[in-house]
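Because only heavy atoms are used, hydrogens play no part in the values below, and waters and symmetry mates are left out as well, while side chains stay in. All chains are named by letter (A, B, ...) in the order of the sequence lines, taking the proteins before the strands, and each is independently numbered beginning at 1.
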Amino acid sequence: HQMLEARSTSRLVWLGTAELAVADATNFVASPGAGATSVFIGTTRDNFHGRKVTRLEYEAYEAMAVKQMDRIAGELQAKWGQVLRVAMFHRLGLVAVGEPSVVIAVSSPHRKEAIQAVDHAINELKRRVPIWKKVCGEVQRALSCKTR
Amino acid sequence: HQMLEARSTSRLVWLGTAELAVADATNFVASPGAGATSVFIGTTRDNFHGRKVTRLEYEAYEAMAVKQMDRIAGELQAKWGQVLRVAMFHRLGLVAVGEPSVVIAVSSPHRKEAIQAVDHAINELKRRVPIWKKVCGEVQRALSCKTR
Amino acid sequence: SVTTVPVRVLCFARAREVVGASELLVGLAPNASPRSVLAALAEAHPGLAEIRSLVIALNEEYVDMEQPMDLKPNDELALIPPMSGG
Amino acid sequence: SVTTVPVRVLCFARAREVVGASELLVGLAPNASPRSVLAALAEAHPGLAEIRSLVIALNEEYVDMEQPMDLKPNDELALIPPMSGG
């Protein structure tokens, strides 16, 4: 499996083709000082603009994507001083229906910061991390993939 | 282990003394139509108002608590029509530092509804589900528990 | 003379600590309001008056503290101090 | 005569499909702006002009589309169409 990682004691950013495990994210952000952990999981859903979808296919400008993800993680810690740890994973390549393409977890003493930080993180990820999806579905018995 | 459960195809509410597994919640809310899953995990943290905490101890008016939790889950589905599935677990009895006392997971096609619904659910749970914690810490070498 | 009905009163958390029991059996006027029940219980257990925002549930449902209830024998009331789940 | 520097241009997603290659090697004026680079590339690959909100990164960092860059040999530009991660 191909992968890129940026890791510090309080941040874990990961980009690669292996299947994502939510527990890897929640385990990383676990901390005795944490009273709250907020998690966002993005999964391939079986439809897109009314059409049946069989899988998504992700590509990235990998080095820059990991850099931007790590920067977003650092910004969460700067903006919400109480945030303890951040994990941010994005999968590349084929992602079947029901499988996660993105997992973000944030821990903090109280819930407000963790919830707000995760919301901010997924919005920033979509806005500025250079990752693109192709949506693949069957059209007239042939698999058709379209860049979005 | 003592437990109470309310279950339908789209809602799973659970209250009991067994350790909570986040995967039980995310597995329950998984759905081919889900593009987003938002999860909140409340854990025992090692301090409270500046004092060291060794564990929390939860009690509930159990029958009413399950009823209220299931009602909150139903309200999420009514308020955010796109919400697909809701899981809401709360643990009772002793919960050691680092262990989850509450897990809430919500799935929906798009992220906004799942994130807002989980935020609403944890706020409503704290406001109106009859559950109480005792905070236990060492005071002069003896374990002291105080109802909050 | 006022007819009373026998009602169970469950006590939780701080209310249980103050009362010293998790359940009381009391005779109440059928049309008692939760507020009046609380006042009556606080005469025997003065600590109850010191719990701010204590509310009452009837048969596992919240009820208006000021409205007369329609109590039947063996109804279940519960003393609900401020909650702290989560 | 204008000196040019050799620069790599990485093409992603729709930009790669339009260009038909994932990487181009081009000679650019050292003080070219991203906007002018895009205009030059769009002459050879007209489809690039049809990608709305296409931006350019220089050495893995976003840069202002209108500001002259300070390009060095072997710098890495990237054509970044609207992103769709998550």
Just wondering, do A/Phe89 and A/Leu12 contact through their side chains at under 4.5 Å, heavy atoms? yes
For chain B, the option from A/Ile115, A/Val53, A/Val97, A/Val118 that forms the most heavy-atom pairs under 4.5 Å: A/Ile115
Looking only at heavy atoms, what is the nearest atom pair of A/Val83 and A/Ala117, with distance? CG2-CB, 4.0 Å
So which part of A/Ala23 gets closer than 4.5 Å to some heavy atom of chain B, the side chain, the backbone, both or neither? neither
Could you report the tightest heavy-atom contact between A/Val95 and A/Pro100, atom names first, then the distance? CG1-O, 3.8 Å
Would you say A/Leu92 and A/Leu15 make side-chain contact, with heavy atoms under 4.5 Å? yes
Greatest number of non-hydrogen atom pairs under 4.5 angstrom with chain A, of B/Ile122, B/Ile104, B/Val22, falls to B/Ile122
Can you pull every donor-acceptor pair closer than 3.5 Å across chain B and chain A?
| from | atom 1 | to | atom 2 | distance (Å) |
| --- | --- | --- | --- | --- |
| B/Pro32 | O | A/Asp46 | N | 2.8 |
| B/Ala34 | O | A/Thr43 | OG1 | 2.7 |
| B/Gly35 | O | A/Thr43 | N | 2.9 |
| B/Thr37 | N | A/Ile41 | O | 2.7 |
| B/Thr37 | O | A/Ile41 | N | 2.8 |
| B/Val39 | N | A/Val39 | O | 2.8 |
| B/Val39 | O | A/Val39 | N | 2.8 |
| B/Ile41 | N | A/Thr37 | O | 2.8 |
| B/Ile41 | O | A/Thr37 | N | 2.8 |
| B/Thr43 | N | A/Gly35 | O | 3.0 |
| B/Thr43 | OG1 | A/Ala34 | O | 2.8 |
| B/Asp46 | N | A/Pro32 | O | 2.8 |
| B/Arg111 | NE | A/Asn123 | OD1 | 3.1 |
| B/Arg111 | NH2 | A/Asn123 | OD1 | 2.6 |
| B/Asn123 | OD1 | A/Arg111 | NE | 3.1 |
| B/Asn123 | OD1 | A/Arg111 | NH2 | 2.6 |

Considering only heavy atoms from C-beta outward, does the side chain of B/Ile41 approach that of B/Val102 to under 4.5 Å? no
Considering non-hydrogen atoms only, spot the tightest contact between A/Ala121 and A/Ile72 and give its length. CA-CG2, 4.1 Å
Nearest heavy-atom approach of B/Ala105 to B/Val29 is O-CG1, 3.5 Å
